[in-house]
S.K.: 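Below you will find the structure I want to go over with you.
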Amino acid sequence: MKNSFAQVQMTETNNKWEQCIKRENSLYMRGNSIRSEFERDYTRLLHCTSYRRLKHKTQVFYAPHNDHVCTRMEHVGHVASVSTTIAKYLGLNRELTEAIAIGHDIGHAPFGHTGEAILNSLIEHNKIAEGTNAPRKFWHERNSLFFADYIDTLQDPEGNEKNLDLTYAVRDGLICHCGEIDQQGMMPRDEAMDLYNIKRPGIVSPYTWEGCVVKISDKIAFLGRDLEDARTYHILDMAAFRQLHEIVATTLGFDSSKKNSSHTTTGVHRSGKTVNTTTLINDMIVDLCEHSTPQTGLSFSEAYFNFIKELKKFSFVNIYNHWRLVEFQKYAEEVLGCIYRTLMKTQIYAQNHRIEQALRYMPELRTTFTDWLIKYSNYDINRKKILHYLTKEVFDISSIESYEKCVIEFISGMTDQYAIKVFEEIVSF
């Protein structure tokens, strides 16, 4: 129902307000700002380098050459569109919702969830080799928080590079946004917590209703668009379309008997109208808004909840595990593994302040990794001051575990194209 959540929106009257606008460090003030705290977070995320790189990071299809296939940046825009539509209708804080949405995937690795799994496997392999039981794991939701807190920077009015220092509510939304979990009646948690105590994705609810909206919008956005891109690349055969028709007809009662259209996503019809990507997304939004209340939480109708679960199963079988994507995954493993192994060999050079020598035949990698070490580690404190980097010292180059995290995080920030470029630089003679 319209404005049914107005009493629980994140405003000054909400008892969570002070915690939600809290920052680890105060932001500079210009004296002429007209933006709210959450609007400042939105623009800080919009201008950071991790957000810019999303335009060349995988959503589903790796390093796409087709300009009309969804990248991670477009996905983030879709989530922002879906979530702000829901927030506006329900009466929630649209500015907070949009800030969480625009930044929720800044921690994604190159090659999407495949890249995430590859970085995890590299960490696990090295952990076994070292004989340590340290609980180390890479997951992009936590990495989005990590990049917002420690990696991404913007210049202050004096030209110093400083971290984003986002509000608690936005930081919470970044780490709690996992849209992979099927959940009805989603509600925010009551208590604030140290966000780095969250050990696995999807197990902790966001602190705000706005964060919950982004979490559920993430699922709405990717389920709708992935079908369209799969059709563009002819990933779905006629058997898959027949299965999709059956899912829609069985769960939603749409008419699957009409002839398939060459200009639609599914070719399924409802009351004379074609069910394409925009129709599916619109109807999921409307259904959610009609069946959600502050008392029962964010919920779909049973029909749409079952449809979403079946559509996810369909997508995993017919799209995400398609043999062409599986073949590319093998290539991605070699690309990221090669970069990882190359950089892990350089620790002794980093300790002796000779990283440029170690990478002298790889000029692209040498430049970016050297700057990374200066900015985020104890590699060269004097050059860090000269370059006006007021960033925290995140990595210790004398520790093998810290150096590995340094390498993993460096790789996670790469775009698909840049990772391929560096890989080719390493293996070319």
Side-chain angles (χ1 to χ4, degrees), residues 10 20 38-60 70-87 92-110 112-113 115-116 138-152 164-181 183 186 188-189 195-196 198 200-226 281 285 288 298 412-413 415:
M10 190 47 59
C20 282
F38 300 138
E39 284 179 306
R40 291 196 74 181
D41 283 358
Y42 172 83
T43 52
R44 292 180 75 75
L45 285 160
L46 185 68
H47 291 294
C48 75
T49 54
S50 290
Y51 175 76
R52 298 178 191 185
R53 290 172 182 168
L54 295 178
K55 64 187 173 186
H56 293 304
K57 287 197 174 189
T58 292
Q59 171 58 16
V60 172
C70 190
T71 65
R72 186 63 55 175
M73 178 175 278
E74 288 175 77
H75 164 71
V76 165
H78 297 156
V79 174
S81 172
V82 171
S83 59
T84 52
T85 298
I86 295 170
L92 293 170
N93 188 318
R94 183 173 176 174
E95 294 170 1
L96 172 56
T97 306
E98 196 165 21
I100 296 170
I102 205 74
H104 79 276
D105 269 353
I106 61 170
H108 244 295
H113 290 284
E116 190 172 14
F138 180 92
W139 42 292
H140 79 270
E141 293 91 348
R142 186 182 189 278
N143 212 48
S144 290
L145 175 65
F146 179 79
F147 264 63
D149 285 351
Y150 295 102
I151 302 301
D152 275 296
L164 299 186
D165 288 317
L166 304 178
T167 60
Y168 180 85
V170 173
R171 294 173 61 242
D172 171 84
L174 300 186
I175 194 172
C176 294
H177 82 259
C178 179
E180 302 299 318
I181 307 299
Q183 183 178 352
M186 189 186 305
R189 69 179 191 277
L195 298 175
Y196 287 99
I198 301 174
R200 289 187 291 118
I203 62 172
V204 176
S205 294
Y207 187 58
T208 65
W209 282 106
E210 289 79 2
C212 292
V213 166
V214 173
K215 181 174 181 175
I216 208 163
S217 298
D218 190 20
K219 183 185 301 182
I220 292 173
F222 78 72
L223 285 175
R225 181 57 190 268
D226 292 354
I281 291 176
I285 291 172
L288 179 77
L298 296 175
S412 78
T415 63

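Worth knowing before you read on, the calculation uses all heavy atoms, side chains too, and leaves out hydrogens, waters and symmetry mates.
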S.K.: Out of curiosity, Leu96 CG to Thr167 OG1, how far, rounded to the nearest 0.5 Å?
M.R.: 6.5 Å
S.K.: Any chance you could measure Ile285, atom CD1, to Ser217, atom OG, to the nearest 0.5 Å?
M.R.: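 If I round to the nearest 0.5 Å, the distance is 7.0 Å.
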S.K.: Which atoms form the tightest heavy-atom contact between Tyr150 and Tyr196, and what is the distance?
M.R.: CE1-OH, 3.4 Å
S.K.: Take Cys178 and Trp139, measure what side-chain contact (heavy atoms from CB on, under 4.5 Å) needs, and give me the verdict at the end.
M.R.: CA-CA 10 Å; Cys178 179; Trp139 42 292; over 6 Å; no
S.K.: Got a second to check how far Tyr51's OH is from Tyr42's OH, nearest 0.5 Å?
M.R.: 6.5 Å
S.K.: Might you point out which heavy atoms bring Cys70 and His78 nearest each other, and give the distance in Å?
M.R.: SG-CE1, 3.9 Å
S.K.: Check whether any side-chain heavy atom of Thr208 lies under 4.5 Å from a side-chain heavy atom of Asn93, and answer yes or no.
M.R.: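 No - every pair of side-chain heavy atoms lies 4.5 Å or more apart.
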S.K.: Considering all heavy atoms of both residues, which atom of Gly107 and which atom of Ser144 are nearest to each other, and what is their separation?
M.R.: N-OG, 2.9 Å
S.K.: State, to 0.1 Å, how close Met73 and Arg52 come at their nearest heavy-atom pair, and which atoms those are.
M.R.: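 Nearest heavy atoms, Met73 then Arg52: CE-O, 3.8 Å.
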S.K.: If I take atom CZ from residue Arg171 and atom CG from residue Leu145, how far apart are they, to the nearest 0.5 angstrom?
M.R.: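 Reported value, rounded in 0.5 Å steps: 5.0 Å.
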S.K.: Test Arg142 against every option in Leu195, Ile198, Ile175 by the side chain to side chain contact (heavy atoms under 4.5 Å, CB included) rule and name the one that passes.
M.R.: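 Only one option passes, and that is Ile175.
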S.K.: Any side-chain heavy atom of Leu45 sitting closer than 4.5 Å to one from Val170?
M.R.: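 Counting from C-beta outward, Leu45 and Val170 do come under 4.5 Å.
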S.K.: Once the angle between the rings of His75 and His104 is folded into 0 to 90°, is it parallel (under 30°), tilted (30 to 60°) or perpendicular (over 60°)?
M.R.: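 Judged by the thresholds at 30° and 60°, the geometry between His75 and His104 is perpendicular.
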S.K.: Between Ala80 and Ala101, which heavy-atom pair has the shortest distance, and what is it?
M.R.: CA-CB, 3.6 Å
S.K.: Measure up the His113 and His140 rings against each other and bin them: parallel (under 30°), tilted (30 to 60°), perpendicular (over 60°).
M.R.: perpendicular
S.K.: Does any N or O in the side chain of Asp152 come within less than 3.5 Å of the main-chain N or O of Cys48, such that one atom is a donor and the other an acceptor?
M.R.: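 Not at all, since once roles are kept as given, no pair shorter than 3.5 Å links the two residues.
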S.K.: Given side chains that start at C-beta, do those of Leu54 and Lys57 come closer than 4.5 Å, heavy atoms only?
M.R.: yes
S.K.: Are the side chains of Glu95 and Asp41 in contact, using a 4.5 Å heavy-atom criterion?
M.R.: no
S.K.: State, with a plain yes or no, whether a side-chain heavy atom of Trp209 is found less than 4.5 Å away from one of Pro188.
M.R.: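 With C-beta onward as the side chain, the pair touches.
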S.K.: How close do Ala148 and Leu166 get, counting heavy atoms only, and between which atoms?
M.R.: CB-CD1, 3.8 Å
S.K.: Taking C-beta and beyond as the side chain, do Phe38 and Glu210 meet within less than 4.5 Å on heavy atoms?
M.R.: no
S.K.: Hey, what do you get for CG (Leu298) to NZ (Lys215), rounding to the nearest 0.5 Å?
M.R.: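 Spacing of CG (Leu298) from NZ (Lys215) equals 10.5 Å.
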S.K.: When rounded to the nearest 0.5 angstrom, what distance separates CG in Asn143 from OG in Ser50?
M.R.: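 Asn143 CG to Ser50 OG: 8.5 Å, rounded to 0.5 Å.
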S.K.: Sub-3.5 Å donor-acceptor pair from the side chain of Arg94 to the main-chain atoms of Ala87, do we have one?
M.R.: no
S.K.: Side chains of Gln59 and Glu74: closer than 4.5 Å at any heavy-atom pair?
M.R.: no
S.K.: Check whether any side-chain heavy atom of His177 sits under 4.5 Å from a side-chain heavy atom of Asp105, and report yes or no.
M.R.: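 Contact flag for His177/Asp105 side chains = yes.
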